[in-house]
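Before any comments, here is the structure.
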Amino acid sequence: MSWLTEYVRPKIRGLLQREVPDNLWTSCDSCSQMILIKDLEKAQRVCPHCGHHGKVKANERLDWTFDDGKYTKIELPKVPSDPLGFKDQKKYADRLKDAKTKTHLDESLAVAHGKIGGHDAVVAVMAYEFMAGTMGTALGEAFIAACRLAVLQKAALVIYTASGGARMQEGVLSLMQMPRTTIGVEMLKDAGLPYLVVLTNPTTGGVSASFAMLGDVQIAEPEALIAFTGPRVIQDTVREKLPEGFQRSEYLRDHGMVDMVVARPDLRATLGRLIGLMMNKPVAPSIEAA
Ligand SMILES: [Zn+2]
């Protein structure tokens, strides 16, 4: 008996586990079709069946945006982490600690520099996975640092936005980041450098009312929700049925709020071309072929 339980059973279990790993497949959030996780990652998390653009982590964005996936991340400025000593059901300090452990990020913005289509670029990515990409003092500081770096390197600044809005745990200090980030964008404009915004799902609240709407070119991923206040609240207030696709990328493009809607796999080539045009530099052949 002991030979069976101690030797044969673990062997069989090991074989089964090797053949059927439970994390091989996933289903699309939109069409519910099954997709191999490996295929989904290769397609930059765009569903091969319906084209739905799934959620993306900040580090993946950086990998896909820079030429050959090569970039240097910068350390973000340090700020007082809990200026108001805020507590709801949980202490804000504990929420921050949890978010850092879970995401391996310091804050809701990651900043890196490298090349896009052969052109120098600084890229800032909002991390929705970090407290819903909310904007607090640290994000404001990190955004200003990204602007300063772009000015210093005479490079373009690209930002991917994804946010639930202001970080309520920082009260008015969070709202103060709206004018601060706007001044950051002004620094780029004074230096004559391109500022490109890629709006991703969802971009809402104070972020959509500040730096997310100030791009020289406003790009959006397909079907992203881009709003100050979400459609449900508006519908309940005005008590009218909202038009189809209200506050989605395509609707905003058709009504002049967004310049172009670009599918995720085409973003790097589009950004490279735009930076080249705006900085009056030839476009690298590698990006043209992409
Ligand atoms: Zn799908």
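Both counts, for ligands and for their atoms, begin at 1 and track the order of listing.
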Problem set entry | Between CD on residue Glu75 and CG on residue Asp106, distance to nearest 0.5 Å | 7.5 Å
Exercise. Is it true that Asp82 and Lys91 have a side-chain N and a carboxylate O under 4.0 angstrom from each other?
Worked result: no
For this session: Indicate yes or no for a side-chain donor-acceptor contact from Arg264 to the backbone of Gln44 under 3.5 Å, with no hydrogens or angles considered.
Result: yes
Exercise. Which residues and atoms, counting only protein N, O or S, are under 2.8 Å from the Zn ion (ligand 1)?
Worked result: Cys28 SG, Cys31 SG, Cys47 SG, Cys50 SG
For this session: Any chance you could lay out the salt bridge (Lys or Arg N to Asp or Glu O under 4.0 Å) test for Lys87 and Asp94, step after step, and finish with the verdict?
Result: CA-CA 9 Å; Lys87 186 182 173 214; Asp94 292 340; over 6 Å; no
Problem set entry | Co-members of Trp64 in a cluster of I, L, V, M, F, W and Y side chains, linked at under 4.5 Å | Val56
Exercise. Is Glu221 paired with Arg61 through a side-chain N to carboxylate O contact shorter than 4.0 Å?
Worked result: yes
